[in-house]
Amino acid sequence: MNVHAPAEHRLTLPELIDGLLAEGKLPRSEAEAFRQERRYYRGDRHPLSVIAEQRWKTPETPHRLLDLPALTEWLAAWSGLGYYHIDPLKVNLTAVTDVMSSAYATRFRILPVEVRAQEVVIATAEPFIRAWETELRPIIKKDIRLVIANPEDIARYQVEFYSLAKSVKGAMARGDVARTGISNFEQLVELGKSKTSLDANDQHIVQIVDWLWQYAFEQRASDIHIEPRRDIGIVRFRIDGVLHQVYQIPMAVLNAMTSRIKILGRMDVVEKRRPQDGRIKTRSPDGQEIELRLATLPTAFGEKLVMRIFDPEVLVRDLTELGFSSEDAMHWRGMTAKPNGIILVTGPTGSGKTTTLYSTLKQLATEEVNVCTLEDPIEMIEPTFNQVQVVADIGMDFAAGIRALMRQDPDIIMVGEIRDIATAEMAIQAALTGHLVLSTLHTNDAPTAITRLLDLGVPPYLLQSTVLGVMAQRLVRTLCPHCKKAGGLRAEDEALWQGLVAPWKSKKPSQYYHPVGCLECRMTGYLGRLGLYEIMPMSAELKALVSAHMDLANLRERAIKGGMQPLRISGARKVAAGLTTMEEVLKVAPPLQDLIHA
């Protein structure tokens, strides 16, 4: 740590190299040569960024890479200040941008990151420039706590935070806020008649919507929620299955944002009293094409808008990347290689059924095969197969769509969902006439799919003739590979393990990995998701059990004896492999004991 109190000055490259060398953090010969070469460096970039570009590693083991985050942590310790990682999802943009002007923050290379009752936390990468504190403290009338943050993050978020705040304030200045609020449920009926006081094409609204999308792509969000409340609008992102609040926006601005997005999605902007669906194609910051599926819903205080983000890259994944074990992949490929029959994928909404089916179809859709899908709605456009949209208003439902597809000489048909007996009967008819049919159902586990079809009214003999197999699936968050920590099972962990695998007896893992949290995973300990799979191929023995008065427990027991791996056992294996935690599996997989006695 630098114990001296140096005069007011900006950090220099020689000063930082001296400090790093004194603590044995740099390879001396390379650092000395570099210092001689750049001793008169007067560039505008922060010296830490220049050092980070060299990709040096610490001389002592484990030879840690001296990237910018590592150097920033060192600077915090060296200067005697706390280290702070700026997480935009946790920053109240309205509060922090009201502390000081953009020009003031840029001038001193500082950025407010937290505003509390008695203090303001301000990030800097220049610990020896402190004169501004004397000016600022009497103005904000709060204590100031100075922290060290990544200089490139400070520069970036100075622009983003203040630009967004400026856009919101600029939009508000143009609108009449009093006329746009919806204060009670009775006013809902007036939504369709009212006009948004802010222009949806105003440059400020355009900038806010563009920022929202780019930010969501960078944060790996799967959904964007724009939600009206009584006095304020809320923006939330779903990341790895968990919602995070991003920003609070005045209702006038939120209404204009919703209108802007509806225009881009070719939706009826005036109609606010009924749900609507739309679709937008845009690009991520790296130029990749991204598709957004829009869905609006009238609520008590305005239109709630959800945008689902579909990344085309998910369709090129190998089954292993989706979470299939080698045994699961063998069973799944065996079923999908059959020329005709029905394969069902079950699970709740958001369990990854569509990704599994699309990825499978993409692998099956060769030049020699005609693949057609019938969806409501079409999740994402895929050029390797023919996709048909269900339009119930004109009689184009699932049953009518399958009937039409049968005249298109298909080899493989995907039906978005079997919801009624008419759809089930047409899907079975397609399978009987030599087509491979893939579809989805909403059931808790694989065996229950058979009883669901029987409940719909499908005759048992048709199920025996057509169903090739059923797969149930769930999604769990995966441990961050950068920070997960190995350790033994604690007493509470052993109890969780027994609850996870009971009544099965499964060997406890020798090592158990715990979530820690780092910059890569945004301090959550988890990064990405993978699937848990329960695959039930319909063997001759299982088909013989299918009857109008079938015993579901008996079917499940025979399926397990035949090799079906229940969802919780699939999860337990992924826990033992260090991919996820028991808590994550317990959240999503139904208890084995309940299934046995169901």
Side-chain angles (χ1 to χ4, degrees), residues 67-70 72-73 76 82-93 96 113-114 121 123 147 149-150 152-153 156-157 160-161 212 214-225 227 234-248 284-285 306-309 311 313-314 321-323 348 350-352 355 474-487 489-490 492-493 496 500 509 511-532 571-572 574-589:
D67 55 10
L68 194 51
T72 306
E73 287 187 51
Y83 171 73
Y84 192 96
H85 170 63
I86 303 175
D87 185 349
L89 293 182
K90 297 177 181 176
V91 174
N92 184 335
L93 269 64
V96 300
V113 288
E114 288 185 35
V121 180
V147 293
N150 186 319
E152 292 185 2
D153 283 352
R156 173 191 171 184
Y157 293 127
E160 288 193 10
F161 291 175
L212 184 67
Q214 300 305 316
Y215 189 28
F217 301 153
E218 289 177 3
Q219 297 295 323
R220 302 181 297 104
S222 60
D223 303 83
I224 305 171
H225 292 243
E227 303 172 338
I234 305 296
V235 176
R236 297 195 289 173
F237 291 168
R238 187 178 295 280
I239 303 171
D240 292 336
V242 179
L243 279 170
H244 302 264
Q245 183 168 313
V246 178
Y247 197 35
Q248 292 186 345
S284 64
V306 174
M307 292 172 271
R308 280 203 111 170
I309 301 171
D311 182 356
E313 289 298 314
V314 301
E321 293 181 67
L322 293 176
S351 59
T355 299
R474 299 290 191 277
L475 288 177
V476 292
R477 292 190 295 173
T478 51
L479 285 164
C480 175
H482 305 282
C483 65
K484 65 180 181 180
K485 185 178 180 182
L489 280 174
R490 301 167 299 194
E492 57 269 32
D493 295 329
L496 274 180
L500 179 64
Q511 275 196 323
Y512 180 63
Y513 288 85
H514 299 271
V516 177
C518 66
L519 300 185
E520 295 291 333
C521 61
R522 297 181 46 258
M523 306 307 294
T524 63
Y526 296 94
L527 186 64
R529 292 190 290 175
L530 53 70
L532 307 182
K574 288 181 169 59
V575 169
L579 297 174
T580 188
T581 61
M582 291 183 283
E583 291 84 356
E584 285 297 305
V585 177
L586 290 166
K587 280 181 192 176
V588 300

Student: Does a salt bridge link R156 with E160, judged by any charged N lying under 4.0 Å from a carboxylate O?
Tutor: yes

Student: At what distance, to the nearest 0.5 angstrom, does NZ of K484 lie from CG of L579?
Tutor: 6.0 Å

Student: Are the side chains of T581 and Y512 in touch, meaning some heavy atoms are under 4.5 Å apart?
Tutor: yes

Student: Could you tell me which non-hydrogen atom of K574 sits nearest to which non-hydrogen atom of G323, and how far apart they are?
Tutor: NZ-O, 2.9 Å

Student: Any side-chain to backbone donor/acceptor pair from Y215 onto L89? Under 3.5 Å, distance only.
Tutor: yes

Student: Any side-chain heavy-atom pair from I86 and N150 closer than 4.5 angstrom?
Tutor: no

Student: Strictly by modelled atom types, are Y84 and E114 linked by a side-chain donor-acceptor pair under 3.5 Å?
Tutor: yes

Student: In Å, rounded to the nearest 0.5 Å, how long is the span from NZ of K485 to CG of L479?
Tutor: 13.5 Å

Student: Look only at the side chain of R529 and the backbone of L475, and say whether a donor-acceptor pair between them is shorter than 3.5 Å.
Tutor: no

Student: Would you say that H225 contacts L243 through its side chain, given a criterion of any heavy-atom pair below 4.5 Å between the two side chains?
Tutor: yes

Student: Using a 4.5 Å cut-off on heavy atoms from C-beta on, say whether the side chain of I224 contacts that of F237.
Tutor: yes

Student: Is any side-chain heavy atom of I234 less than 4.5 Å from a side-chain heavy atom of Q248?
Tutor: yes

Student: Could you label the plane-to-plane angle of the F161 and Y157 rings as parallel, tilted or perpendicular, counting under 30° as parallel and over 60° as perpendicular?
Tutor: parallel

Student: Show the nearest heavy-atom pair for residues V516 and C483, with the distance to one decimal.
Tutor: CG2-O, 3.0 Å

Student: Check whether any side-chain heavy atom of T580 sits under 4.5 Å from a side-chain heavy atom of V585, and report yes or no.
Tutor: yes

Student: Decide yes or no for Y526 and T478: does some side-chain heavy atom of the first lie under 4.5 Å from some side-chain heavy atom of the second?
Tutor: no

Student: Please check: side-chain N/O of D240 versus main-chain N/O of G528, any donor-acceptor pairing under 3.5 Å?
Tutor: yes

Student: Taking all atoms of both residues into account, what is the closest heavy-atom pair of C518 and C480, and its distance?
Tutor: SG-SG, 3.7 Å

Student: Rounded at 0.5 Å granularity, tell me how far CE in M582 sits from CG in D493.
Tutor: 4.5 Å

Student: Taking C-beta and beyond as the side chain, do T524 and P515 meet within less than 4.5 Å on heavy atoms?
Tutor: no

Student: For the backbone of L212 and the side chain of Y247, can you confirm whether one donor and one acceptor N or O come within less than 3.5 Å of each other?
Tutor: no

